[in-house]
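First comes the structure, then the notes that go with it.
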2 protein chains.
Amino acid sequence: MVSTKIILIGNINSAKKAGEIVSRYRKMQELTQVELAGLAQTGVRFISELENGKGTVQFDKVMHILDLLGIEVVAKER
Amino acid sequence: MVSTKIILIGNINSAKKAGEIVSRYRKMQELTQVELAGLAQTGVRFISELENGKGTVQFDKVMHILDLLGIEVVAKER
DNA sequence: CACAAATATTCCTGATAGGGAATAATACCA
DNA sequence: TGGTATTATTCCCTATCAGGAATATTTGTG
């Protein structure tokens with residue numbers, strides 16, 4: 001094995017952080033909220049609220065969105 | 001800077017994974033669910049459901065539990 | 001600036017999360 | 001195996017999430 005580049009995006013310690021990342025990566029991929037909602041089989045309102053940091057969103061829904069955007073989530077010891 | 005050891009725990013792509021990690025790290029720190037719930041100002045039932053993989057748990061609550069257990073969550077490109 | 005596209009917010013509604021507390025089921029040891 | 005601690009599940013309840021759709025607001029361009 002030669003070497004593999006890992007592209008870190010940042011820490012996620014809240015829905016606010018997750019929302020910022022979702023917003024940024026959605027735009028990078030030139031998707032509208034409506035399109036992303038369609039891909040995720042979810043409501044547009046959910047995407048909007050998530051991107052705006054709503055903390056009570058459901059965990060698995062968020063993880064699914066991140067996955068759709070090609071974002072991997074890793075746990076490590078602090 | 002000399003070198004810093006990063007201890008990876010694993011990927012989190014669902015509440016199921018998050019729950020497994022919470023369960024393992026809670027036990028490593030010799031905490032009962034009741035104690036962890038106390039620390040997190042949450043109900044014991046929530047901890048139990050989280051550890052058992054309930055996908056609809058609230059995002060921020062989960063992140064808070066992970067943080068309490070000394071677990072950091074990082075996003076990276078897949 | 002004007003207009004169009006995108007996003008945010010509101011209203012209405014059914015479904016359910018989560019708390020507390022009680023109980024049932026498991027796990028753990030002597 | 002019996003007894004205890006721990007965890008899972010149930011019930012009751014209030015609060016609110018998430019969807020759809022309409023509307024308001026913001027953003028991006030010519």
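As a basis for the values below, the full set of heavy atoms in this structure was taken, side chains included, without hydrogen atoms, waters or symmetry mates. All chains are named by letter (A, B, ...) in the order of the sequence lines, taking the proteins before the strands, and each is independently numbered beginning at 1.
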- Task: Working to the nearest 0.5 Å, report the span between CD of Glu72(A) and CG of Asn11(B).
- Result: 4.5 Å
- Query: For the pair made of CD in Gln33(A) and C1' in dA21(D), what is the distance, rounded to whole Å?
  - Reply: 16 Å
- Query: Got Val44(A) and Leu36(A) here, is their nearest side-chain heavy-atom distance under 4.5 Å?
  - Reply: no
- Query: Could you state the interatomic distance from NE2 (His64(A)) to OG1 (Thr42(A)), rounded to the nearest 0.5 Å?
  - Reply: 9.5 Å
- Task: Kindly work out whether a path of hydrophobic side-chain contacts (I/L/V/M/F/W/Y, heavy atoms less than 4.5 Å apart) joins Val22(A) to Val34(A).
- Result: no
- Of all of residues 43-66 of chain A, which get a heavy atom below 4.0 angstrom from DNA chain C, listed by number? Arg45(A), Ser48(A), Asn52(A)
- Message: I'd like to know whether Gln58(A) forms a side chain to side chain donor-acceptor pair (under 3.5 Å) with Gln58(B), so could you lay out the CA-CA distance, the side-chain angles of the two residues, the decisive distance to 0.1 Å, and finally the verdict.
- Response: CA-CA 5 Å; Gln58(A) 296 184 3; Gln58(B) 296 185 3; over 6 Å; no
- Item | Whole-Å distance separating the CD atom of Gln41(B) from the P atom of dG20(C) | 10 Å
- Task: Hey, which sits more toward the 5' end of DNA chain D by its nearest nucleotide, Thr42(A) or Leu31(B)?
- Result: Leu31(B)
